[in-house]
Protein chains: 2
Amino acid sequence: MNNSQRKDIHNSEVPVVCQACEVRHRGVCGALNGEQLMRLSKHTKRHAISHAAELTTGGRSAERYANIMSGVVKLSKLMADGRQQIVGLQFAPDFVGRPFANADGITVEAATDVRVCSFPRETLEGLMEEEPELEQRLHRQTLRELDEAREWMLTLGRKNAEEKVASFLYLIATHVDPEGQNGTTDITIDLPMKRGDIADFLGLTIETVSRNITKLRKRGVIDVVDRRTVFVADLHRLHSATSQDLSR
Amino acid sequence: MNNSQRKDIHNSEVPVVCQACEVRHRGVCGALNGEQLMRLSKHTKRHAISHAAELTTGGRSAERYANIMSGVVKLSKLMADGRQQIVGLQFAPDFVGRPFANADGITVEAATDVRVCSFPRETLEGLMEEEPELEQRLHRQTLRELDEAREWMLTLGRKNAEEKVASFLYLIATHVDPEGQNGTTDITIDLPMKRGDIADFLGLTIETVSRNITKLRKRGVIDVVDRRTVFVADLHRLHSATSQDLSR
DNA sequence: CGCCTTCTTGAGGGGCGTCAAGCCCAGTGG
DNA sequence: CCACTGGGCTTGACGCCCCTCAAGAAGGCG
């Protein structure tokens, strides 16, 4: 099962660093041919970013864009008095960074330890002009993020605390998906963030998150292996906990 | 001040219907040259859609895309038991419709009376391939919608009822903006939707919306002219009501 | 005028926030 | 090896904000 070389007709043209890249075909790089990849890779850097570090500091702010190779990145907004709301989570192989300027007041942080492959803004924008499919891929990712944001607006505005927590667990379960999970209905979830982050994601407090994890456990929807790992015996059961019919 | 003809060097090439179009330069059409506009306009239709009608019915679902010429369009999500959340509002000259497939479970309705200029899906997608700037414009609008959705997530998750209502009024004030409002700090807002819609937008109930409009009136932040019109004497005052510092 | 829809206002209750105490566990140093 | 410490998490007690239920006011329209 030599996954690393599938589909590369002219492997000689593909940069060595890219040949070994886990997300090479799925990320935005999938839109580029060997020659373009070669040019891009001349300017790329791999970074390991440890948990809780901001991605926007250290000169890498709007200067560099990046692909997530592993880990989870969180986007959040902060109010003057300290209230905080997480407005997006990104997983490999998502693209991080904002084409065409400003990301008004959004903080980008590593939720877990993260590995990224970054490159200068100008390099990507140069490639965008010559390769329309690149812009199309970015456009599609933006549309996907918009869908997720809207799904989350429904959760924030109209679900109660228990449904919110179940929704979060379901989201993580379906995203961190380590290639397996096909056909299986049970899954062990490694929570990528601590209770405080989950609270900021759900528009709740730490205590309410904790109480409702306990509630789901007592109802038998989940098993709490340890504070960072949850076992779900039946994903459908979890899914139905994300929106109980309250009208009866 | 002949606004209608500004900037058209070769007006002869521009379709007559487009020459009179109020949003011709600002919408996605701004990316097209005369010849392309001519081709597009062969397939466009103007529609007047009256208040509360769905835009996705009558064969105009994924078949046709549209530009909003006037009025307000609302996007909403509905849960099985009737709970509803409005996840987006669109104003002229926004583009309505989803490039590349499915708009998973989103209902598109006219919030007010609306006029649109619509065209078949294939026509637009054909033009997108030959004119990259068209895709770029759509991409930029998607990014703007994403920003707005995230701003709204902060409102839904972390603001109290009074701040939510103030945020809604401020949003409308800064969007419906009838060309004027430059330099002035007061504005009369014509609310584009009824209390129930506002509640669905804010994740509140009708009663709470009503109570907090009253509250803002009694605090002198707004004047309620009639149930559909609000006068704001000082926009800055309204803005500061959108996020009072609760930490002291 | 009567009817219907929309909006406002009040009274009461519940869900989630606030405050506080205690548990679990990893890290540190004696 | 164990006491100490500190961060993260859980659990309880209590209170407030917003929802629920209900009645009435204000328009709009035949």
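In what follows, chains carry the letters A, B, and so on, assigned in the order in which the sequence lines appear, proteins first and then strands, with residues in each chain numbered from 1. Just so you know, these numbers come straight off a predicted model, no measurement behind them.
Both B:K215 and A:T214 sit near DNA chain D, but only A:T214 has its closest nucleotide nearer the 5' end. Where A:K159 and A:E207 meet DNA chain C, the nucleotide closest to each residue was compared, and A:K159 sits on the side nearer the 5' end.
As a whole-Å value, the separation of B:R228 CZ from D:dG28 C1' is 13 Å. If you take NE2 of A:H51 and C1' of D:dG7, they are 12 Å apart, rounded to a whole angstrom. B:R227 has its CZ atom 6 Å from the P atom of C:dC7, to the nearest Å. A straight line from CD1 of A:I213 to P of D:dT11 spans 10 Å, rounded to a whole angstrom. Separating the CZ atom of A:R158 from the C1' atom of D:dC19 is a distance of 11 Å, rounded to the nearest angstrom. The nearest whole Å value for the distance from the CZ atom in A:R217 to the P atom in D:dC9 is 15 Å. Going from atom CG of A:D226 over to atom C1' of D:dT10 covers 15 Å, rounded to whole Å. Straight-line distance from the CG atom of A:L156 to the C1' atom of C:dC16: 15 Å, rounded to whole Å.
Put simply, the side chain of B:R211 and the base of C:dG10 share a donor and an acceptor less than 3.5 Å apart.
Judged purely by atom type and a 3.5 angstrom limit, B:N212 has no side-chain atom pairing as donor or acceptor with the backbone of B:K215.
Exactly one residue among A:I222, A:L238, A:D223, A:I172 makes a side-chain contact (heavy atoms from CB on, under 4.5 Å) with A:V230. That residue is A:I222.
A:N160 comes within contact range of the sugar-phosphate backbone alone, with a heavy-atom separation under 4.0 Å but no base atom that close.
Classified by interplanar angle (parallel below 30°, tilted 30° to 60°, perpendicular above 60°), the ring pair A:F168/A:F201 is perpendicular.
Taking only side-chain nitrogens and oxygens, A:T208 comes nearer than 4.0 Å to OP1 or OP2 of C:dG17. Residue B:T205 places no side-chain N or O under 4.0 Å from the OP1 or OP2 atom of D:dC18. When the side-chain nitrogen and oxygen atoms of A:S210 are compared with OP1 and OP2 of D:dC9, none of them lie within a distance under 4.0 Å.
The side chain of B:L204 sits closest to D:dC19 out of C:dG17, D:dC9, D:dC19. Closest contact between the side chain of B:R195 and the listed nucleotides C:dC7, C:dT18, D:dC9 involves C:dC7.
Using a 4.5 Å cut-off on side-chain heavy atoms (C-beta onward), A:R211 and A:T214 make no contact.
Rounding to the nearest 0.5 Å gives a distance of 10.5 Å between OG of B:S167 and CD of B:E162.
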